[in-house]
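Notes to accompany the following structure.
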Amino acid sequence: MSEKFNKAAETKRWIAGAIVFVILGLVGALSNSYIVSLMTIVLLFTFMGQSWNLMLGIGGQLSIGHALFVGLGAYSVGVLYLKYGISPWIGLLAGMVIAGSVGAVLAWLSFRFEVHGIYFALLTIAAAEFARIMFSGWEFVGAMQGLFFPAPTGEVDISMLRGGARFYYFVALALAAIGIAGTELISRSYLGYVWRAMRDDDEAARALGVRTFRHKILVISISAASAAAGGGILALVQGAIFPDSIMGMGISVDVLIGPVVGGLGTAFGPLVGSLAAIPLNHLMGALGDSLGIPGLNNIAYGVILISVVWFLPDGIWPAVVRGYAAIKGSLFARPLKLRKAEE
Amino acid sequence: MLSRRRAYVCRNAAGASQSPSERVSIEISIFTCFIQGSLMLSLWLNVVASGILMGLVYGLVALGLTIIFGVMRVVNFAHGEMVVFGVYIGYWSVRMWEVPIIAAAALAAAVMFVFGYFLEKLIVKRFVNSPHHYQFIVFIGLSLLFSGILLVAFGPDPRPTASQLSFRTVSIGILTLDLARLQAAGVAGLLIVMLGAYLKYSSFGRSLRAAANNRLGGLIVGLIIPRIYAITFGIGAACAGVAGALISPLFDAQPYLAMDFTLLAFVTVIVGGLGSFGGALLGGLTIGVAEAVAALMFSPSMKTALPYALLIIILIFRPRGFFGVREV
């Protein structure tokens with residue numbers, strides 16, 4: 001980072017972020033149930049996208065198997081709650097520990113043997129697919145029939161994390177806020193600098209005394225643990241867990257589309273990207289259903305992904321920031337110091 | 001193995017017994033043991049043989065992926081969709097014109113070559129020099145786009161392609177093999193050999209390998225890299241398309257097959273080593289046989305899990321596969 005932090009600008013950013021979340025809170029309180037349930041998914045994928053973003057955008061490790069961690073979180077919550085009656089809070093914690101350790105083991109194995117770049121990405125897909133097939137054959141967790149949560153009674157029970165759609169909306173909102181604030185704090189901390197150094201040039205970082213091996217394991221296990229937390233809440237929101245829908249490639253793609261569209265390595269990118277992509281996907285899916293043409297949502301996702309990488313490789317959010325700065329710069333005719341989270 | 005152990009147990013039982021009536025019954029049981037043993041043996045041989053046949057087709061699919069990766073250093077995440085395009089080409093041409101499957105495969109090769117060539121010219125070439133994760137994301141986008149197009153065009157329902165060919169079998173000794181599978185494997189094997197010879201001896205093959213080895217050096221000596229890249233992508237897509245057309249009598253045509261084929265091709269290619277010609281073939285055979293044996297020994301669901309388990313083990317112990325290239 002070449003430029004100095006501007007304390008006032010930082011405060012402004014935090015205030016702007018808080019205002020966005022207050023608006024999102026009002027949306028949740030005032031809008032109808034369809035928008036609430038759609039926005040719950042958007043916010044959950046914002047959070048999970050943020051975890052993916054931490055791994056690629058800041059840590060420099062590409063994962064296409066995040067569904068593995070999402071699914072582990074979902075199954076931990078589901079199995080502990082449905083089989084033993086244990087509170088989903090404990091389940092979330094257990095899921096984070098399990099996914100974090102699985103992520104750490106995966107990272108340890110692959111970086112130990114110098115598997116990186118494309119090979120690491122393929123290893124993550126293989127691990128996720130392997131887990132999906134294993135879970136679909138495992139009777140104890142419901143195999144292909146899946147696990148079902150009892151229908152929500154509408155009573156809010158915070159100790160058991162149960163409640164209606166609006167309750168889960170605010171849970172997801174809190175998670176998204178934690179994700180964004182957490183990314184912002186991490187990317188500003190010692191770890192953030194170390195990880196970005198590692199992302200940009202592994203050898204140079206090692207020459208400066210960074211133990212990149214440990215830091216890769218750390219970033220991957222943090223990312224995995226937070227994806228698992230999102231997965232646990234996703235399972236509660238959906239009310240059912242099926243191996244194909246919670247561990248399939250579809251989830252991995254949904255997780256990565258937010259940060260890619262919104263802006264890799266930025267704190268707000270995943271929110272902007274999820275807000276843009278997921279409602280469009282649902283809209284096209286609904287349109288396809290009503291016209292009897294399946295597959296429109298896939299086409300929409302495909303076109304979005306290709307055109308974002310083609311025309312806005314940084315993502316939407318950095319482009320918006322640049323545009324805003326250009327307008328402001330021309331209005332006040334003074335150079336504005338811009339801070340991009342990734343540089 | 002199993003059959004030999006069973007014969008041994010039988011022989012022991014025969015030696016230990018005394019009374020004639022028991023002996024008769026034991027002789028009968030030896031006879032059934034023998035029959036069972038040879039049945040087991042022929043079952044195993046048949047399974048391994050059909051695994052090898054399938055493995056040749058997997059090898060052809062993987063070859064397409066590995067040629068594209070070896071030359072252009074991009075991982076074609078939409079490879080499975082190209083295989084499914086081939087399956088539909090095979091399905092429609094057999095249904096509409098009742099041509100033999102080999103003619104359908106030739107058609108698929110031509111169509112998919114043109115498709116791959118123009119896909120590279122229009123889209124892929126813009127991303128050949130971007131960072132890996134951008135390429136991956138573009139190809140995930142292409143894969144979603146193609147699977148969406150397949151769904152729009154053909155609908156989600158599987159189309160049974162059972163022609164007469166699907167049920168015909170050939171017996172060679174104790175082996176009983178599907179004619180469709182034998183044909184597919186024969187054509188696939190022939191194509192692999194021809195492609196290998198073409199890449200090794202023809203002048204275009206030499207320039208392609210030069211471009212794969214050293215892009216800058218190739219540019220210096222005057223290779224037209226964009227043209228080579230487009231043709232490479234075309235060849236890769238054609239390999240996938242031919243393989244798809246060849247297996248169209250064996251699989252119901254269905255858009256959702258695509259993801260399985262993509263992942264299978266990845267597994268095959270990584271087991272053999274990304275970017276290696278022989279590796280793709282060896283990987284294909286390994287995966288084909290492993291899949292067939294796993295289906296016999298464990299449950300069919302294990303059949304789909306086994307390649308991934310194999311992949312994880314191989315990535316851990318031999319990260320670049322059997323014959324992988326070093327720099328990525």
Side-chain angles (χ1 to χ4, degrees), chain A residues 56-57 60-64 106 109-110 112-123 125-134 136-138 143-144 248-250 252-253 256-257 260-261 264 284 288 291-310 313, chain B residues 69 73-75 77-78 123 126-127 130-156 255 259-260 262-263 266-267 269-270 274 298-299 301-312 314-321 324 328:
Chain A
L56 178 65
Q61 307 302 323
L62 174 60
S63 151
I64 314 180
L106 212 60
L109 278 176
S110 52
R112 176 110 226 133
F113 295 95
E114 304 257 298
V115 175
H116 41 67
I118 291 177
Y119 290 95
F120 179 72
L122 294 176
L123 182 68
I125 303 181
E129 281 298 296
F130 182 66
R132 178 181 66 80
I133 296 165
M134 283 295 131
S136 20
W138 190 8
M144 291 294 273
M249 275 301 294
S252 296
V253 171
L256 67 82
I257 201 160
V260 168
V261 172
L264 267 179
M284 296 303 273
L291 295 177
I293 312 170
L296 280 183
N297 49 349
N298 281 1
I299 293 181
Y301 258 15
V303 170
I304 290 176
L305 279 177
I306 297 166
S307 45
V308 162
V309 179
W310 191 332
Chain B
F69 179 80
R73 301 280 150 196
V74 299
V75 177
F77 205 80
I123 297 179
R126 280 160 226 277
F127 305 106
S130 35
H132 283 137
H133 56 269
Y134 282 141
Q135 290 173 357
F136 234 113
I137 289 160
V138 167
F139 276 105
I140 290 175
L142 283 177
S143 142
L144 286 168
L145 180 65
F146 294 155
S147 67
I149 289 172
L150 280 170
L151 275 168
V152 169
F154 302 111
M259 191 43 91
D260 294 348
T262 302
L263 293 171
F266 279 162
V267 173
V269 157
I270 292 171
L274 257 175
F298 310 110
S299 61
S301 71
M302 275 304 290
K303 178 190 153 183
T304 42
L306 191 100
Y308 301 110
L310 202 66
L311 171 65
I312 293 169
I314 284 194
L315 270 182
I316 289 167
F317 293 108
R318 257 199 89 71
R320 276 163 194 83
V328 182

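Reminder, nothing fancy here: chain letters follow the sequence lines and each chain counts from 1.
For B:F139, no part lies under 4.5 angstrom from a heavy atom of chain A. With a 4.5 angstrom heavy-atom cutoff, B:L142 touches chain A via backbone and side-chain atoms both. Residue contact with chain A, scored on non-hydrogen atoms closer than 4.5 Å, involves the side chain of B:F136 exclusively. When heavy atoms are compared at a cutoff of 4.5 Å, B:F266 approaches chain A solely by way of its side chain, counted from C-beta outward. If you measure heavy-atom distances from A:I257 to chain B, you find no contacts under 4.5 Å at all. Contacts between B:V75 and chain A at a heavy-atom distance below 4.5 Å involve the side chain alone, from C-beta outward. Contact of A:A121 with chain B is made through the side chain alone, with heavy-atom distances under 4.5 Å. In this structure, chain B has no heavy atom under 4.5 Å from any part of A:L106. Within the 4.5 angstrom heavy-atom criterion, only side-chain atoms of A:V253, from C-beta onward, approach chain B.
Atoms CG and NE2, on A:L56 and B:H132 in that order, are 12.5 Å from each other to the nearest 0.5 Å. To the nearest 0.5 Å, atom CD1 of residue B:I140 and atom CZ of residue B:F77 are 5.0 Å apart. The distance from atom CZ of A:F120 to atom CD1 of A:I64, rounded to the nearest 0.5 Å, is 10.5 Å.
Chain A forms the most heavy-atom pairs under 4.5 Å with one residue out of B:V138, B:V267, B:V152, and that residue is B:V152. Of all the listed residues (B:P131, B:S143, B:G141), the one sharing the greatest number of non-hydrogen pairs under 4.5 Å with chain A is B:G141.
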TODO: Could you walk me through whether A:M284 and A:I299 pass the side-chain contact (heavy atoms from CB on, under 4.5 Å) test, one step at a time?
DONE: CA-CA 9 Å; A:M284 296 303 273; A:I299 293 181; over 6 Å; no
Open item on the list: Let's go through A:M249 and B:T262 carefully: what are the C-alpha distance in whole Å and the side-chain angles of both, what is the deciding distance for side-chain contact (heavy atoms from CB on, under 4.5 Å) to 0.1 Å, and is it a yes or a no?
Closed with: CA-CA 12 Å; A:M249 275 301 294; B:T262 302; over 6 Å; no
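Between B:V269 and B:F69 the shortest side-chain heavy-atom distance does not fall below 4.5 Å.
A cation-pi arrangement, defined by a distance under 6.0 Å to the six-membered ring centre and an angle within 45 degrees of its axis, is absent between A:R132 and A:F130.
Results of the side-chain contact (heavy atoms from CB on, under 4.5 Å) test with B:L145 over A:V303, A:N298, A:I304, A:L305 single out A:V303 as the only residue that passes.
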